[in-house]
Number of protein chains: 2
Amino acid sequence: MDTRTLCLGVLSLGEMSGYDIKKCLEVSFRHFFQASYGSIYPALAELARQGYVRVRTIAQEGRPDKKIYSITPAGLEALRNELAGTEPRHRVRSEFLVLMFFAHHLPPERLAEVLEEMIGRWERILFEDLAAFEQQSAAPGVGELEPGMRFALGFGRTVLSAALAYVKRQRPGLLREIAASGKDPAPARPLADIADAGD
Amino acid sequence: MDTRTLCLGVLSLGEMSGYDIKKCLEVSFRHFFQASYGSIYPALAELARQGYVRVRTIAQEGRPDKKIYSITPAGLEALRNELAGTEPRHRVRSEFLVLMFFAHHLPPERLAEVLEEMIGRWERILFEDLAAFEQQSAAPGVGELEPGMRFALGFGRTVLSAALAYVKRQRPGLLREIAASGKDPAPARPLADIADAGD
DNA sequence: CCACACATGTAAATTGTTACATGATTGA
DNA sequence: TCAATCATGTAACAATTTACATGTGTGG
């Protein structure tokens, strides 16, 4: 799935500008998809070219004209086809976990810093961003979220909670073990042979 | 972080070929990092050029010569520097969750299929792959895993368990709600205005 | 007989990020 | 005064995946 489909999806929620789409993605999709202006604007141009979206240009002073995009019937059909044919992939790319895996190669202070940073980041997402979004969604006048949207949001909350709890629970032990292995004079313990273990 | 650093990291566990590295990544890193031959082989060539790894070529019949790579002291230093300077990012890219978010645009049978597929996939990873790996790691003769490795493995198991439990718990309700909204004649309920909710 | 494991590598295509270019207004 | 918000867009760069190229041995 590319940014094009995602933009189409967001536009199926209502017309908006490229700038709006970015913000919308930041709040609702931040924990499972990300896209920058560098991919959104070209995607919108391409969608317009294909006739999947209509553009309405609104003149503004002191800044570029605003372009409001809205999905066309053809666009909605394209979106549905695209979604129906999309394989449900789910990939994680975590420099954080690579760092943890090789924690014994990291200066202990840096390890502590990294753990601290991840905890802080996840707490902020969980207790500020997500909470704010869910409260806002529950506000009167706002259309109910579709069940699938609640599912996706809930998934993010659940998984993030689990991750955060795990890191908080394991942190002291990990720091202790790393500190200990750094002090005692066995830093060159032969790790090796993990790949050959089966033989 | 690029594949180069990752290869260096894996090679710090013991010497092996590009083919071995791929398999090693598949078992230990599958849930937080992925790399294909197309990125591994060029990475190894580059590392050799930089003097971070040594190559030993082993002639073979009926197939390409095997190249065994081992990390050099300079390589180990480069690895440590690289790791110390790496920001702990953690990104998820999930077509699955996008599909769920827009579940109301999906044929209900396809939705059921997708959920089924994800549950099966995650159960397999959790109960087969991870279990096998952990058992193997506990086997006699295999060096103890470093604490950081146990941390990373445990993180994967924890988060995957949470994800799986969530999907299994939510599935019936989601399918029911989607089926219901498909039947009653309000498919064109104006979703809109979610982005404008704050006003 | 087909698929898979073994084994390396290249090239094209895809896809996306980062940085740049432009510039007014508003609040701390 | 500095940073952020609003607003669009391009171009260079980075990184990866996919498919291709080549070929044998083994097991179902």
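The sequence lines fix the lettering, A, B, ..., with proteins before strands; numbering per chain opens at 1. Predicted, not measured: the structure shown is a model, and the values here were computed from it. What you see below is based on every heavy atom in this structure, not just the backbone, and it leaves out hydrogens, waters and symmetry mates.
Screening A:Glu146, A:Glu82, A:Arg80 for a side chain to side chain donor-acceptor pair (under 3.5 Å) with B:His105, the sole residue that qualifies is A:Arg80.
Residue B:Ser39 places none of its side-chain N or O atoms closer than 4.0 Å to OP1 or OP2 of D:dA15.
Considering only side-chain atoms of A:Arg63, the nucleotide from D:dA7, D:dT18, D:dT8 that sits closest is D:dA7.
Rounding to whole angstrom units, CZ of residue B:Arg4 and P of D:dT16 are separated by 11 Å. Atom CD of B:Gln34 and atom C1' of D:dT17 are 11 Å apart (whole Å). Atom NZ in B:Lys66 sits about 16 Å away from atom P in D:dG25, given to the nearest Å. The CZ atom of B:Arg89 sits 12 Å away from the C1' atom of D:dA15 (whole-angstrom rounding).
Closest approach of A:Ser17 and A:Tyr69 over heavy atoms only: CA-CD1, 4.4 Å.
Annotation: side chain of B:Lys67 is not in contact with side chain of B:Leu44 (no heavy-atom distance under 4.5 Å). Residues A:Tyr52 and A:Leu79 fail the side-chain proximity criterion, which asks for heavy atoms closer than 4.5 Å.
When heavy atoms are screened at a 4.0 angstrom cut-off, B:Phe33 is found touching no nucleic acid atom at all. In this structure, A:Lys22 reaches neither bases nor backbone, as no heavy-atom distance under 4.0 Å exists between it and the strands shown. Note on B:Arg93: only backbone sugar-phosphate atoms sit closer than 4.0 angstrom, heavy atoms only; bases stay farther off. B:Gln60 comes within 4.0 angstrom of the backbone, heavy atoms only, and of no base.
Residues satisfying the side chain to side chain contact (heavy atoms under 4.5 Å, CB included) test with B:Arg91, not counting sequence neighbours, are A:Gln34, A:Arg93, A:Glu95, B:Arg89.
Each of B:Arg91 and B:Tyr41 lies near DNA chain C, and the nucleotide nearest B:Tyr41 is the one positioned closer to the 5' end. Nearest-nucleotide positions on DNA chain C place B:Lys67 closer to the 5' end than the other of A:Tyr37 and B:Lys67.
Put simply, chain A comes within 4.0 Å of DNA chain C, heavy atom to any atom, from C:dG16 to C:dA24, going 5' to 3'.
Salt bridge status for B:Glu116 with B:Lys168: absent, with no side-chain N to carboxylate O gap under 4.0 Å.
Cation-pi check for A:Lys66 over A:Tyr19 is not met; the charged atom does not lie both under 6.0 angstrom from the ring centroid and within 45 degrees of its normal.
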